[in-house]
Each structure stands twice: as structure tokens, then as C-alpha cells.
There are 2 protein chains.
Amino acid sequence: MISKTCGYAIRGIVFLALEQNKHRKHGILEIAEDLQIPQHFLGKILQDLVRRGIINSIKGPHGGFFVNAKTIDTPLIEVVEAIDGLGIFKKCFLGREECSSTNPCPLHDEFDGCRSAIFKTFENLKIADLVTKIDNGDSYLSLNKEFATEI
Amino acid sequence: MISKTCGYAIRGIVFLALEQNKHRKHGILEIAEDLQIPQHFLGKILQDLVRRGIINSIKGPHGGFFVNAKTIDTPLIEVVEAIDGLGIFKKCFLGREECSSTNPCPLHDEFDGCRSAIFKTFENLKIADLVTKIDNGDSYLSLNKEFATEI
DNA sequence: ATAAAAAAAGAGTCTTTTATCTTTATTTAA
DNA sequence: TTAAATAAAGATAAAAGACTCTTTTTTTAT
């Protein structure tokens with residue numbers, strides 16, 4: 001559905017949002033190790049998010065990435081749009097160039113419900129909601145056993 | 001969701017199933033032109049489906065691809081499994097190595113319903129069902145204007 | 001037998017996505 | 001005012017997916 005890159009972006013933002021109370025910045029190396037995402041690749045993704053104003057960063061010693069007030073209120077769809085674009089919600093299931101209710105493929109109607117359910121979920125969920133889930137111990141950002149069991 | 005290749009496979013099979021009444025075989029060039037799929041690429045996909053017994057083929061003059069009795073009764077999930085594998089239904093939305101109800105990512109539960117809805121649809125739908133939709137003029141395999149309007 | 005038609009197979013290319021490595025720019029603190 | 005820390009940028013590479021081209025094999029019909 002969404003690209004791996006986009007998943008990395010969301011996890012990166014949520015990681016920063018989780019740590020926002022500590023009022024400190026996080027270096028790319030720390031974030032990447034914690035989330036087990038290739039460092040430089042994640043770096044580029046976060047830089048992209050900074051350019052788009054979704055997160056912030058400061059260079060130099062004691063610099064790093066951090067969230068701003070707006071960040072935690074950002075709907076996921078905004079991140080998806082920034083990284084993958086909204087086109088992903090219009091792709092034909094059977095690989096035709098176009099697919100719409102006026103010229104549907106034989107799977108169009110079958111999956112249209114799912115498609116819009118997913119879209120709406122991304123519209124409704126905010127970064128804050130994912131933070132809550134993780135704070136509650138209902139879900140995890142990384143697979144690290146320590147993370148999963150340190151409750 | 002499913003790969004472009006898998007979509008091509010389904011469209012190829014349905015094309016052949018649609019023509020089954022005419023009791024004739026179809027050359028790869030004809031199929032590819034009709035469906036607007038790269039010829040040699042589709043050729044390999046169909047050859048794969050022949051090896052797996054989902055469709056049939058005969059070489060030589062007047063040869064080509066054609067469906068057998070079993071083909072139209074094939075559930076779509078069987079094609080998806082043959083081409084993409086069932087692993088696609090287990091991939092983590094956020095790109096983690098694993099994702100399950102015991103160690104879920106923050107989107108796991110949100111989308112689990114959709115995931116299994118899609119799986120079940122592929123399980124329940126058979127090639128015959130897609131043929132019916134097209135025969136009824138409810139949907140189309142190719143975008144060709146003539147196809148879309150020749151009613 | 002031979003030529004032609006067609007699938008099958010092999011090998012290679014192009015594109016996109018994902019990932020790595022290196023250098024540069026900025027900032028801070030000593 | 002220099003060294004160190006850090007993000008930013010640039011360039012390259014590796015992997016996967018999608019696609020192309022060429023040759024081989026099989027079959028049919030003449």
C-alpha cells in the first residue's frame with residue numbers, strides 16, 4: 001500500500017513525538033539505531049519532512065531532529081501525501097492505466113470500500129493517536145525485544 | 001497491494017476465459033495487444049501459469065493459450081499465491097520486519113480488517129465471477145475506448 | 001522433408017526503490 | 001578561533017520489479 005519509505009517517515013515522526021516531553025533533540029544515528037532503519041536513508045527522509053515543515057531540526061553540536069507543536073497534530077494523510085502522493089489511492093488493482101467508477105476493472109467495486117476506508121483512516125489518525133497507542137503499550141515502533149518487554 | 005505482474009496475470013486469464021466459448025486458442029501477440037500489456041512480459045507470465053496448471057498452451061501453428069475446465073473455477077487467491085505469494089498479506093504497514101497481533105505496529109489493528117477483507121475477497125472470487133462482470137458490461141479488462149463504448 | 005507458426009527459454013536492459021558512502025555547511029563550546 | 005558535532009547534500013550503488021530482444025524448441029501443414 002504505502003511505500004517502505006513512507007512507513008519509515010511515520011515511524012521517525014512518532015519516535016520524535018514520543019520523546020517530546022524530554023525537550024531534547026535526537027541525532028539521526030540514535031533514531032536510526034532505535035528504529036532499525038538505515039541511517040542515511042532515514043536522514044534523507046527526515047530532511048524532507050523538515051523542508052515540508054512537518055518536523056524541525058538544528059545543525060551542530062547538541063543539534064538534531066525534534067517535533068514542533070504542529071507535528072503531533074498532523075494527520076497521517078499529510079505524511080503519506082508528502083512522501084508517496086495521493087495517487088496511491090487511485091491505482092488500479094489490475095494494473096490498468098486508469099480505473100474509475102465509470103470505467104472500472106472487475107475488481108474496482110470489490111475493493112473500493114477498502115480503499116476509501118484506508119484513506120479515511122489516514123485522514124482521521126494523527127501522530128498524537130499513534131503516540132498514545134505506544135504510550136499505552138498497545139503497540140510498538142520497533143521490534144526490539146527490550147522495547148516489547150520493558151513494561 | 002498485488003504486483004502489476006499479478007494484475008497482468010489475472011487479466012490474461014480472464015481474457016482467455018471470456019473467449020472460451022469460441023473454442024480457439026489465442027496467441028500471445030493478440031492477447032497482449034488487446035490488453036495493452038508488453039508482449040514478451042505477458043508471455044512469461046502466462047508460461048508461468050501454464051507450468052502451474054492454471055491455464056494451458058500448445059505450441060506451433062494454430063497453437064496458443066487457452067483455458068481448461070478448471071481455470072474458470074480458480075479462485076483469484078490461487079493466482080495471487082502463484083505470482084506474488086501469500087506473504088503480501090502479512091507485510092507490516094510501517095515497514096517493520098514483522099508485525100502481528102502480539103507485536104503490532106500502531107497501524108496494525110487499524111488495517112487488519114481491511115487486510116483480511118481483501119484476502120477473503122480473493123478467496124471467494126473466482127475467474128468465472130470476473131468473466132460474468134465483464135459479460136454483463138459492468139466492468140472492463142482494457143481501457144480501449146471501443147471496448148468501453150461498444151455496447 | 002521443409003518452411004512457417006507459435007510457445008518456451010535465455011539473457012540482457014531499464015526504472016524505481018531502497019540503501020550506502022563521502023563531502024559540505026552550520027553551529028556550538030572550549 | 002579552532003575543533004568537534006551534527007544536519008544537509010551529492011554521488012554512487014545494490015536490489016527488485018518491469019520490460020525487451022534473441023534464440024531455441026515444438027508443432028503443423030504443405
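By convention in this document, chain letters (A, B, ...) are assigned in the order of the sequence lines, proteins followed by strands, and residues within each chain are numbered from 1.
An OP1 or OP2 oxygen of D:dA8 is reached within less than 4.0 angstrom by a side-chain nitrogen or oxygen of A:S57. One finds a side-chain N or O of B:R51 lying less than 4.0 angstrom from the OP1 or OP2 phosphate oxygen of C:dA9.
Contacts classified as side-chain hydrogen bond (donor to acceptor under 3.5 Å, both in side chains) and involving residues 52-61 of chain B (residues at least two apart or in different chains) are given here: B:N56-B:N68.
Rounded to a whole Å, the NZ atom of A:K91 is 13 Å from the P atom of D:dG17. As rounded to whole Å, 16 Å separates atom C1' of D:dA16 from atom CD1 of B:I88. Per the geometry, CD belonging to A:E30 stands 14 Å off C1' belonging to D:dA7, to the nearest Å.
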Nucleotide N/O to protein N/O under 3.5 Å, stretch nucleotides 26-30 of chain C:
none

Which pairs, protein N/O on one side and nucleotides 19-22 of chain C N/O on the other, fall under 3.5 Å?
from   : atom 1 : to   : atom 2 : distance (Å)
C:dA19 : OP2    : A:Y8 : OH     : 3.1

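Considering A:V79, A:I45, A:I72 as possible partners of A:I13, the one that fulfils the side chain to side chain contact (heavy atoms under 4.5 Å, CB included) test is A:V79. Partner of B:H26 under the ring pair (Phe, Tyr, Trp, His ring centres under 6.0 Å) criterion, out of B:F15, B:F66, B:F65: B:F15 alone.
In terms of the side chain to side chain contact (heavy atoms under 4.5 Å, CB included) criterion, residue partners of A:E81 (sequence neighbours excluded) are, by chain and number, A:L86. A:S100 meets the side chain to side chain donor-acceptor pair (under 3.5 Å) test with A:T102; sequence neighbours excluded. A:D73 is linked by a side chain to side chain donor-acceptor pair (under 3.5 Å) to A:K126, counting only residues two or more places apart in sequence or in another chain.
Minimum heavy-atom separation, A:R115 to A:K90: NH1-C, 3.9 Å.
Using a 4.0 Å heavy-atom distance criterion, B:L29 is classed as making no nucleic acid contact. If you check every strand for non-hydrogen atoms under 4.0 Å, B:G43 touches nothing. Within the nucleic acid shown, B:I28 comes within 4.0 Å of sugar-phosphate atoms alone, with no base atom in reach, counting heavy atoms only.
In this structure, A:E98 places its CD atom where only 12 or fewer heavy-atom neighbours from other residues, nucleotides or ligands lie under 6.0 Å away.
Ion pairing of A:E78 with A:K70 is absent here, as no side-chain N (NZ or NE/NH1/NH2) approaches a carboxylate O to less than 4.0 Å.
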